[in-house]
Peer 1: 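The structure is given below, and queries will be raised subsequently.
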Amino acid sequence: MEINEQCVVALTWTLKDTLGEVLDVLDEPVEFLLGGNDLLPVIQQALQGHAAGARVDLHIEPEQAFGDFDEQLLFLEPRALFPAELEEGMTLEGSALPAGTNPDAPKNALYTVTTIYPEHIVLDGNHPLAGIAIRLSLKVESVREATEEEVGRGTCGTGFFRIEVSGDAPAGDEDDESDGAPPHRHLH
């Protein structure tokens with residue numbers, strides 16, 4: 001089956017920055033819905049007409065991916081507002097930020113704890129790949145028709161770089177069913 005406007009593709013990939021540093025690797029195939037919210041439009045377009053076994057190499061500029069880095073999305077917050085077990089690299093939903101944090105912090109953003117000082121923490125609402133041009137070498141492992149449920153939801157439940165946010169390999173996917181929306185959706 002060839003990839004078309006609305007189907008499910010299982011992909012493996014290696015993602016690098018323009019200097020060749022590996023940012024993310026998918027060794028095991030992960031399914032994504034084409035025509036939904038799972039993949040960046042530039043990736044969906046590049047996959048059209050390919051079939052299982054195809055290899056596609058893409059160079060993606062920031063404006064086609066996660067946008068430019070926005071300093072307005074950096075927030076310095078009082079350390080005392082956050083739990084003691086907070087660690088650098090953790091992600092927090094904007095809607096779940098504790099009372100007393102900056103009211104200008106968008107509620108629909110996902111924040112990464114980038115630095116913890118004794119009295120303050122730095123929250124970054126930019127996508128971890130904002131401002132970075134990326135090189136994506138992907139392989140189409142399989143292609144299938146999308147189910148009505150997948151089309152209705154607009155996702156297979158795995159958004160592009162959902163796993164990248166935590167810095168883990170795909171092992172983080174089991175508990176992702178509860179939150180429904182991949183964290184990157186608000187970053188378009």
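For the numbers below, each heavy atom of this structure counts, side chains included, while hydrogens, waters and symmetry mates do not.
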Peer 1: Only distances under 3.5 Å count here; give the side-chain donor-acceptor pairs of residues 81-88 to other protein atoms, sequence neighbours excluded, each with its distance to 0.1 Å.
Peer 2:
unit_1: Glu88; atom_1: OE2; unit_2: Ile116; atom_2: N; d: 3.1

Peer 1: Would you be so kind as to tabulate the donor-acceptor pairs closer than 3.5 Å made by side chains of residues 46-54, with sequence neighbours excluded?
Peer 2:
unit_1: Gln48; atom_1: NE2; unit_2: Gln44; atom_2: O; d: 3.2
unit_1: His50; atom_1: NE2; unit_2: Ala46; atom_2: O; d: 3.4

Peer 1: Under 4.5 Å between any side-chain heavy atoms of Asp24 and Trp13, yes or no?
Peer 2: yes

Peer 1: Under 3.5 Å, sequence neighbours excluded: what are the donor-acceptor pairs made by side chains of residues 138-146?
Peer 2:
unit_1: Glu141; atom_1: OE2; unit_2: Thr12; atom_2: OG1; d: 2.7
unit_1: Arg144; atom_1: NE; unit_2: Glu31; atom_2: OE2; d: 3.0
unit_1: Arg144; atom_1: NH1; unit_2: Glu150; atom_2: OE1; d: 3.1
unit_1: Arg144; atom_1: NH2; unit_2: Glu31; atom_2: OE1; d: 2.9
unit_1: Arg144; atom_1: NH2; unit_2: Glu150; atom_2: OE2; d: 2.7

Peer 1: Each residue besides Val8 in its hydrophobic cluster should be listed here, by chain and number; the cluster joins Ile, Leu, Val, Met, Phe, Trp and Tyr at side-chain heavy-atom distances under 4.5 Å.
Peer 2: Leu33

Peer 1: With rounding to the nearest 0.5 Å, note down the distance linking CG in Leu123 to OG1 in Thr114.
Peer 2: 7.5 Å

Peer 1: For the pair Ile43 and Ile60, evaluate side-chain contact (heavy atoms from CB on, under 4.5 Å) and give the outcome as yes or no after the intermediate values.
Peer 2: CA-CA 9 Å; Ile43 298 173; Ile60 305 172; 4.0 Å; yes

Peer 1: Report the distance from atom CG of Leu34 to atom CD of Gln45, rounding to the nearest 0.5 Å.
Peer 2: 10.5 Å

Peer 1: Could you pull out the closest heavy-atom pair between Ala109 and Gly125, with the gap in Å?
Peer 2: CB-O, 4.4 Å

Peer 1: Test of understanding: clusters of I, L, V, M, F, W, Y form through side-chain heavy atoms closer than 4.5 Å, transitively. Do Val56 and Phe32 belong to the same one?
Peer 2: yes

Peer 1: Check whether Val122 and Met90 end up in the same hydrophobic cluster, where Ile, Leu, Val, Met, Phe, Trp and Tyr are linked by side-chain heavy atoms less than 4.5 Å apart.
Peer 2: no

Peer 1: Does the side chain of Glu93 reach to within under 4.5 Å of the side chain of Leu110, using non-hydrogen atoms?
Peer 2: yes

Peer 1: Taking the side chain as every heavy atom from C-beta outward, state whether Arg135 and His59 have any pair of such atoms under 4.5 Å apart.
Peer 2: yes

Peer 1: In the single-linkage hydrophobic clustering (I, L, V, M, F, W, Y; side-chain heavy atoms under 4.5 Å), do Met1 and Leu39 co-cluster?
Peer 2: yes

Peer 1: What is the minimum heavy-atom distance between Thr14 and Lys16, and which atoms define it?
Peer 2: CG2-CE, 3.9 Å

Peer 1: State which residues pass side-chain contact (heavy atoms from CB on, under 4.5 Å) with Glu21; sequence neighbours excluded, sorted by chain then number.
Peer 2: Asp17

Peer 1: Can you confirm whether Ile132 sits close enough to Phe66 that some side-chain heavy atom of one is under 4.5 Å from a side-chain heavy atom of the other?
Peer 2: no

Peer 1: Return yes when atom CZ of Arg55 has more than 12 non-hydrogen atoms of other residues, nucleotides or ligands closer than 6.0 Å, and no otherwise.
Peer 2: no

Peer 1: Enter the distance from Leu92:CG to Asp124:CG here, rounded to the nearest 0.5 Å.
Peer 2: 11.5 Å

Peer 1: Please tabulate, for the side chains in residues 68-78, all donor-acceptor contacts under 3.5 angstrom to protein atoms that are two or more places apart in sequence or on a different chain.
Peer 2:
unit_1: Asp70; atom_1: OD1; unit_2: Gln72; atom_2: N; d: 2.8
unit_1: Glu77; atom_1: OE1; unit_2: Asn102; atom_2: N; d: 3.2
unit_1: Glu77; atom_1: OE2; unit_2: Asn102; atom_2: N; d: 3.1

Peer 1: Measuring from Tyr111:OH to Thr101:OG1, what's the distance to the nearest 0.5 Å?
Peer 2: 8.5 Å

Peer 1: Using 0.5 Å steps for rounding, measure from the CG atom of Leu40 to the CD1 atom of Ile134.
Peer 2: 6.5 Å

